[in-house]
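Some notes on the structure that comes next.
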Amino acid sequence: MSDTTTLLQARPRDSPKAEKKSTSQQLVELARDKYNFGIDTDGKAFGFRKGRHVVRPLTGSKRSVRQEVGGLFYRATGRPPSQNALTDGNGVLEYEAQEQGEPVRQATRAARTNDGELFVDIGNQSEQVLHVTSEGWEVLDGDADIPVLFRRTNLTYTLPIPEAGGDMSLLWEFVNMPGEADRALIIGWLVAAHILVGLPCPILAILGEQGTAKTTSARRLFSLIDPTSAIVRRPPQDSDSFLHAVHHSRGCVFDNLSSIPRWLSDSMCRFVTGEADVDRSLYTDGDARVIEVQGVMGFTSIDVGALAGDLAERCVWGDLKVILASQRRSERELNAAWDEAYPSMFGGLMDLVVMTLKALPDVHLVEKPRMADFAEVLAALDLATDSRALEHYKRAHESVAADIVDTDKFLGAISSKITQRWAGTGKELYRLLPRPSDDKYWPEERGVSGKLRRSAPDLRKSGWTIEEIKPDPVSKRPKTWVLVPPEVTITDAEIATIQLFQKMYATDIDEWKARALSEGATPAFAPEHASILRVGSAIACRDTFCSAPKWKADYGPLAERSKAIDKRLLDELDRLGLTFAQFDRLVADRLAESEEELR
């Protein structure tokens, strides 16, 4: 006799007239016996089998508690429960779930409990979990005690049980990517996709012409992270459909993108970083439903055209080669070979994850790119395997930045028009650059500064110097930009000009001090007299022994001359995009270089 049958046949023995339990009561007791309950971060009730870690919604899914309890009831009694009994019982269970305490965050496919410990849901019926640390990996049975609850959807497929001593090099039999740099980056990306759970991992961009198996290659790569029934998907039509498209798995690939509009670019960036949105709950007017998404993403393309700089900075690029007709294999043959190699490749990947986790504490990067966590993972992988993934990543980004500057018409106009150091306002730059008649993305006059801020990282990677100069608000001078093309430096003549005005400024200060002293200022307060009088202001001296006048009529022309000296000095510094401190460092560096050359 099964435990379920025993539970349902049990009756109170203290009274011969004990009331027979209703079907809904029996369903509630059966559910209580089999499940623990709770609520997620959106306030939705869920259950999970006692001693297990895969959650099930109470209703509305093929994996729901309602469906399973109904099936267990039928097995025990030989009769199906009525829909009314299921609904009544479900209402009680939902109340109990709400009473369990604080909401519980669920993990989709993978969870990181700390910097050195990962749990990966294998996705099989027995609910096995892969436990990975810097000491190694192991497969835990479904009843193991782990501190994670996993969420599955109808897209979730099963990962293979990793093979000890596996071989990741088998991957290149299925992904036609011969370049050493591309291979190193792809392996680094796969390792990072497992380690950076809950942290930004770059978007994988698989490029290639027709006949390079872009779609199949992307599907194979993502099968080593989060296999689903719809890994490769067509791109969504708007930001709302995007959010719903990526909500049901940790990873997904958008296939054959011919261009990436701004809204899609922004959505992809937000997805890898993590975002949330609020929607109206189904069939309700008042309740809000929170959709939180964060995971790994990729896309395939022949050529996506111009890319936004922030998206390009979040990408890892891999170029596929054309598969020759003599080398092409059928899908049936490839699938059979993949199924055979799959456990070995996954085991080899887990070995690399372990090695990388072990090396991560020894990584200390002096300079970090935008995707800093990813760069640290690559550096750790390099330490562990003597690879050069981080170097390839940096070079790839420099190349992409140069391509962005070349393909963006606005940035291209800057490159062709500005050949020497240039300083001016956004309005002046707008008037300087010839606007093409067919570019709807060309910024308007008031949008030039915003465009420069977004493009500054790509310009800098291409060798440009770009600085935004914000003057003191009291001066009411407009904000200016300084643009310096690659290999254009500050000349010795420009340095000499600023030094000349610095000497004029210092001489002027000394003359005002001497004037103040000669007219009765005490030595301690002469500098204060000088700094205030030279800008045309009066001073009420705090020293009772000071007899210098607050202001004299003949100070006016002298103060105007001082203001002119100050303005010219500041203008020269602004033109070069330097502060006083930066200029002093520049002069010191030039002097040090000269002394080094003499040695």
Side-chain angles (χ1 to χ4, degrees), residues 41 53 102-122 128-140 144-151 159 162 166 168 184-204 222 224-226 250-251 269-276 292-297 313-314 316 346-391 393-394:
T41 53
H53 40 257
E102 293 298 319
V104 178
R105 184 171 295 277
Q106 303 165 11
T108 302
R109 181 65 77 177
R112 181 171 56 91
T113 54
N114 56 61
D115 287 343
E117 185 177 43
L118 306 169
F119 292 93
V120 181
D121 179 18
I122 296 295
Q128 288 177 297
V129 173
L130 184 62
H131 181 219
V132 188
T133 70
S134 60
E135 300 301 319
W137 58 263
E138 61 178 333
V139 178
L140 304 177
D145 183 19
I146 66 171
V148 179
L149 290 179
F150 287 105
R151 162 184 173 261
L159 279 164
M168 262 302 288
L185 270 179
I186 294 301
I187 295 297
W189 181 83
L190 286 168
V191 170
H194 280 282
I195 292 177
L196 299 179
V197 179
L199 296 172
C201 184
I203 298 164
L204 180 62
F222 272 74
L224 291 166
I225 304 166
D226 182 26
R250 182 170 179 247
C269 290
R270 289 194 298 266
F271 174 71
V272 298
T273 303
E275 74 161 320
E292 295 181 279
V293 294
Q294 196 277 329
V296 289
M297 174 163 287
E313 281 195 325
R314 288 179 170 90
V316 164
F346 190 50
L349 177 58
M350 290 302 102
D351 290 340
L352 291 175
V353 170
V354 169
M355 296 165 66
T356 304
L357 285 173
K358 193 168 186 177
L360 260 175
D362 297 325
V363 171
H364 304 285
L365 298 180
V366 177
E367 295 183 357
K368 298 179 182 180
R370 186 162 188 172
M371 303 293 284
D373 299 287
F374 179 66
E376 290 178 343
V377 169
L378 293 185
L381 181 63
D382 289 345
L383 281 176
T385 63
D386 198 27
S387 62
R388 299 163 56 195
L390 182 56
E391 177 185 340
Y393 178 60
K394 290 180 178 178

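Start at 1 with the first residue, then count along the sequence.
- Looking at R112, its side chain does come within 3.5 Å of a backbone N or O of V197 through a donor-acceptor pair.
- The two atoms that bring A379 and V363 nearest to each other are CB-CG1, 3.8 Å, heavy atoms only.
- Closest heavy-atom contact between V377 and V191: CG1-CG1, 4.2 Å.
- Going from atom OG of S387 over to atom CG of L378 covers 8.0 Å, rounded to the nearest 0.5 Å.
- Between the D382 side chain and the A389 main chain, a donor and an acceptor come within less than 3.5 Å of each other.
- In terms of heavy-atom proximity, G166 sits nearest to D351 at N-OD2, 3.9 Å.
- A donor-acceptor pair under 3.5 Å is absent between the side-chain atoms of D121 and the main chain of V129, judged by distance alone.
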Take Y393 and F374 through the ring-ring contact (aromatic ring centres under 6.0 Å, His included) test and state the conclusion after the steps.
CA-CA 10 Å; Y393 178 60; F374 179 66; 5.0 Å; yes
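- Rounded to the nearest 0.5 Å, atoms CE (M350) and CH2 (W137) are 9.0 Å apart.
- A heavy-atom distance below 4.5 Å is not found between the side chains of L130 and F119.
- In this structure, the separation between NE2 on H194 and CG on L349 is 4.5 Å, given to the nearest 0.5 Å.
- Looking at T41 and R105, their side chains never bring a donor and an acceptor atom within 3.5 Å of each other.
- Residue D145 places its CG atom among 12 or fewer non-hydrogen atoms of other residues, nucleotides or ligands, all under 6.0 Å distant.
- Considering only heavy atoms from C-beta on, C201 comes within 4.5 Å of W189 through its side chain.
- In this structure, OG1 in T356 is found 12.0 Å from NZ in K358, a value given to the nearest 0.5 Å.
- The closest side-chain donor-acceptor pair between H364 and E376, if any, does not fall under 3.5 angstrom.
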After noting the C-alpha distance and the side-chain angles of T133 and V354, does the key distance pass the side-chain contact (heavy atoms from CB on, under 4.5 Å) rule?
CA-CA 6 Å; T133 70; V354 169; over 6 Å; no
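- Between F222 and M297, the closest heavy-atom pair is CZ-C, 3.5 Å.
- R250 places no side-chain N or O within donor-acceptor distance of the main-chain N or O of A107, the cut-off being under 3.5 Å.
- Judged by distance alone, with hydrogens and angles left aside, the side-chain atoms of Q294 form a donor-acceptor pair with the main-chain N or O of V272 at under 3.5 Å.
- Between P202 and the choices V296, V316, D373, L185, the side chain to side chain contact (heavy atoms under 4.5 Å, CB included) rule is met once, by V316.
- Residue N114 qualifies as enclosed at atom CG: its count of foreign heavy atoms under 6.0 Å is above 12.
- Contact between R314 and M371 at its shortest, heavy atoms only, is CG-SD, 3.7 Å.
- Residues F150 and A111 come closest through the heavy atom pair CE2-N, 4.3 Å.
- To the nearest 0.5 Å, atom CG of residue L224 and atom CE of residue M168 are 6.0 Å apart.
- Note: L190 CG to I195 CD1 = 11.5 Å, rounded to the nearest 0.5 Å.
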